[in-house]
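Take a look at this one; I'll ask things after.
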Amino acid sequence: MITQRPKGTQDILPGESARWQRIERSMREICALGGYREIRTPVFEHTELFQRGVGDTTDVVQKEMYTFTDKGGRSITLKPEGTAGVARAFLEAHLEAEPLPCKMYYVFSPHMRYEKPQAGRWREHHQLGIEVFGAKDASCDAEGIKLAMDQLQACGLTKLRLEINSIGCPACRAEYTERLKAFLSPKLDKLCKTCCDRFERNPMRILDCKDPGDRALVQDAPAPLDCLCGDCREHFEALQRYLTALSIPYTVNPRTVRGLDYYTRTVFEVFLDIEEDFPALTGGGRYDGLLASLDGPDVPGFGFGMGEERLLLALDKMGIVEPESPVYDALIVTLGDEARTYGLVLADALRRRGVRCDIDHAARSMKAQMKYASKTGAEKVIIIAGDELSKGVVKLRDMNTKEELELSREQLIKQLSKE
RNA sequence: GUGGGUGUAGUUCAGCGGUUAGAGCGCCAGGUUGUGGCCCUGGAAAUCGUGGGUUCAAAUCCCAUCACUCACCCCA
């Protein structure tokens with residue numbers, strides 16, 4: 001029990017960390033090219049931030065938060081999503097007083113939600129993503145979506161499906177909610193239980209229900225798209241023009257609504273277009289009212305989060321496996337204490353010249369050390385034992401050709417470090 | 001929170017009422033007294049998830065519990 005990780009968590013083991021680093025490196029490079037700089041925020045925040053920022057009626061806040069009271073009596077919540085914390089940091093540091101837009105990205109940001117784990121869903125997962133404050137034009141949305149697609153493609157994914165939608169501003173939302181309720185109220189008794197609750201609380205989410213009965217009932221329901229005000233309509237049309245200009249294929253899915261309250265206008269999701277059940281790799285959109293709802297200035301925002309675990313899962317699914325590169329360039333095989341001392345110093349000298357190498361720290365037999373070298377994939381083995389010590393040489397063995405050379409210490413260092 | 005499946009060496013699994021619970025892979029050692037991959041030999045390694053019950057007898061049947069897993073809800 002003591003050696004068992006908590007439910008829904010996972011370890012990233014030494015053999016796996018390289019692939020995480022790879023996707024994070026590409027995200028950093030892509031973001032840097034667009035002027036995004038990294039932001040890091042705490043893993044926990046005041047509970048109220050999420051209640052107000054994400055929305056009190058959302059499932060995330062209502063039933064999925066890790067909330068506890070700390071020793072000072074404060075209600076603290078482990079962050080269930082990334083945007084609220086970044087918004088808080090932006091406001092606290094008064095970044096609105098600096099040149100806008102403020103373009104930020106994050107990588108390997110842990111998110112915690114108390115839910116039942118399953119394929120592609122964990123209690124702790126990691127996201128990379130962007131947040132932009134102070135850019136209201138749809139070109140910002142298009143650029144952000146392009147960045148998400150670029151990142152997915154840079155990791156090797158193809159067959160991606162981008163779905164976009166607009167859920168309007170608070171003004172169109174109010175009108176839409178009224179029309180939706182008018183449409184649904186005669187059918188209220190036929191909706192599933194959760195949707196009956198949603199009818200009062202957050203009727204737009206009924207569109208997203210997976211219940212087949214509800215789906216049929218909602219088939220002809222008005223969509224948020226039908227109720228957009230002039231400005232929102234223009235914003236959405238502009239977004240599509242920009243996406244087309246950037247040659248990004250997309251489909252408009254009028255049913256895409258998001259589970260977090262702060263979204264306005266643009267929402268989007270990206271799926272792996274190969275498997276129906278595969279969960280969204282990325283989700284995001286515009287949140288023009290978020291800062292104001294946190295008592296901040298009226299500064300618009302846009303962002304997305306991408307699940308790193310899901311991204312890696314998608315790579316597995318698509319059979320995209322980067323070959324693991326060996327940990328060592330060379331291993332130093334020694335026999336006896338004198339040789340080990342010599343090897344230890346030699347390893348230090350080689351490392352200073354950029355050669356990844358190691359010596360045996362377990363006083364194992366030569367056979368065992370050779371076996372180890374073979375298993376770890378080292379291409380060269382440097383042998384140092386009684387013969388070599390007395391002759392004042394080291395032996396360099398090529399593990400592929402089996403060729404062995406007797407070299408002086410200086411020759412060896414020179415040969416390995418120039419490679 | 002709701003529902004299904006599965007828990008046996010490090011790992012993948014076999015055994016499904018009857019001696020001392022097995023195999024492949026992995027690990028360690030030897031065959032080769034200083035040389036890896038292939039081969040051969042040997043070894044270490046399992047409170048059969050946990051607790052209770054049925055039985056002369058339980059890894060095997062029953063109940064509970066925990067864990068893992070898949071799906072729903074929701075989300076990355």
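Below, read A as the first sequence line, B as the second, and so on, with proteins coming before strands; counting in each chain starts at 1.
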Look for any protein N or O under 3.5 Å of an N or O in nucleotides 38-48 of chain B and output each such pair with its distance, or none.
none

Exercise: do A:Y262 and A:T83 side chains pair donor with acceptor under 3.5 Å: yes
Answer with yes or no whether A:E124 presents, from its side chain, a donor or acceptor under 3.5 Å of a partner atom in the base of B:A76. no
Among B:G34, B:G37, B:A76, find the nucleotide with the atom closest to the side chain of A:D387. B:G34
Quantified in whole Å, what is the P atom distance between nucleotide B:U65 and nucleotide B:C25? 41 Å
Give the rounded distance in Å between these two atoms: CZ of A:R364 and C1' of B:G34. 16 Å
Suppose you measure atom C1' in B:G17 against the same atom in B:C56; what distance do you get, rounded to whole Å? 12 Å
Minimum-distance nucleotide (side-chain atoms of A:M399 versus B:U35, B:A76, B:G36): B:G36
Centre of A:Y114's six-membered ring, under 6.0 Å away, within 45 degrees of the axis: is that where NZ or CZ of A:R123 sits? yes
Which nucleotide, if any, forms a Watson-Crick or G-U wobble pair with B:G34, using both distances under 3.5 Å? none
What does B:G22 pair with, Watson-Crick or G-U, if both distances are under 3.5 Å? B:C13
For atom NE2 of A:H111 and atom P of B:A76, their distance in whole Å: 8 Å
Once you apply the 3.5 Å cut-off to both distances, tell me the Watson-Crick or G-U wobble partner of B:G7, or none. B:C66
Using a 4.0 Å heavy-atom cut-off, does A:T282 contact any base of the nucleic acid, only the sugar-phosphate backbone, or nothing at all? sugar-phosphate
Please state how far atom CG in A:D360 lies from atom C1' in B:U35, giving the value in whole angstrom units. 14 Å
B:U41 - base-pair partner by Watson-Crick or wobble geometry, distances under 3.5 Å: B:A29
Any strand is fair game: report the nucleotide pairing with B:U2 by Watson-Crick or G-U wobble, both distances under 3.5 Å, or none. B:A71
B:G3 to B:A46 separation - C1' atoms, rounded to the nearest Å: 33 Å
Taking only the side-chain nitrogens and oxygens of A:K375, find out if one of them lies under 4.0 Å from OP1 or OP2 of B:C27. yes
For B:A76, is there a stacking contact with A:H125, counting only centres under 5.5 Å and planes under 30°? yes
Separation of B:A71 atom C1' from A:F278 atom CZ, nearest Å, is 16 Å
Selection residues 304-314 of chain A - residue pairs positive for salt bridge (charged side-chain N to carboxylate O under 4.0 Å, His left out), sequence neighbours left out: none
A:Q151 and A:S26: side-chain donor and acceptor closer than 3.5 Å? yes
Whole-Å distance between B:G36 C1' and A:Q369 CD? 12 Å
Taking CD from A:Q4 and P from B:G49, how many angstroms apart are they, rounded to a whole number? 14 Å
Taking any heavy-atom pair under 4.0 Å as a contact, classify A:R397: base, sugar-phosphate, or nothing. base
Heavy atoms from C-beta onward define the side chain here; which of B:G1, B:A29, B:G36 lies closest to that of A:K116? B:G1
A:S139 backbone acceptor or donor facing A:D137 side chain under 3.5 Å: yes
For B:A59 versus B:U2, give the span between their C1' atoms, rounded off to a whole number of Å. 31 Å
Tell me the interatomic distance from A:N400, atom CG, to B:G37, atom P, rounded to whole angstroms. 15 Å
Once you round it to whole Å, what is the distance between C1' of B:U35 and CD of A:E406? 14 Å
Side-chain touch A:I145/A:F304, heavy atoms, less than 4.5 angstrom: no
P gap between B:G52 and B:G42, integer Å: 40 Å
Pairs under 3.5 angstrom only: tabulate donor-acceptor contacts from the side chains of residues 174-184 of chain A to other protein residues two or more places apart or in another chain.
| unit_1 | atom_1 | unit_2 | atom_2 | d |
| --- | --- | --- | --- | --- |
| A:Y176 | OH | A:P222 | O | 2.8 |
| A:T177 | OG1 | A:R173 | O | 2.7 |

Heavy-atom neighbours of A:F44 CZ exceed 12 at 6.0 Å: no
According to a strict under-4.0 Å criterion, is A:R5 in side-chain N/O contact with OP1 or OP2 of B:C68? no
Between B:C72, B:A76, B:U35, spot the one nearest the side chain of A:Q118, thanks. B:C72
Just jot down the salt bridge (Lys or Arg N to Asp or Glu O under 4.0 Å) partners of A:R74, sequence neighbours excluded, or say none. A:D70
Nucleotide of B:G34, B:A71, B:G30 approaching A:S365 most closely (side-chain heavy atoms): B:G30
Considering every strand and a 4.0 Å limit on heavy-atom distances, what is the contact class for A:K395: base, sugar-phosphate, or nothing? base
Sugar-phosphate only, base, or nothing, as touched by A:G120 at under 4.0 Å among non-hydrogen atoms: base
Name the nucleic acid region contacted by A:E404, choosing base, sugar-phosphate or nothing; use a 4.0 angstrom heavy-atom cut-off, strictly under. base
If you measure from the C1' atom in B:C39 to the same atom in B:U20, how many Å do you get, rounded? 31 Å
Quick one: salt bridge (charged side-chain N to carboxylate O under 4.0 Å, His left out) pairs with a partner in residues 283-296 of chain A, sequence neighbours left out? A:R52-A:D295, A:D141-A:R286, A:R286-A:D288
Scan for ring pair (Phe, Tyr, Trp, His ring centres under 6.0 Å) pairs involving residues 17-43 of chain A, sequence neighbours excluded, and state none if there are none. A:W20-A:F108, A:W20-A:H126
Inter-nucleotide C1' distance (B:C66, B:G51), Å rounded: 10 Å
Describe the nucleic acid contact of A:G82 in one word from base, sugar-phosphate, nothing, applying a heavy-atom distance below 4.0 Å. nothing
Touch check for A:A373, heavy atoms < 4.0 angstrom, all strands: base, sugar-phosphate only, or nothing? nothing
In whole angstrom, give me the gap between the P atoms of B:U47 and B:C40. 30 Å
Starting at the 5' end of RNA chain B, which residue's closest nucleotide do you reach first, A:L281 or A:S374? A:S374
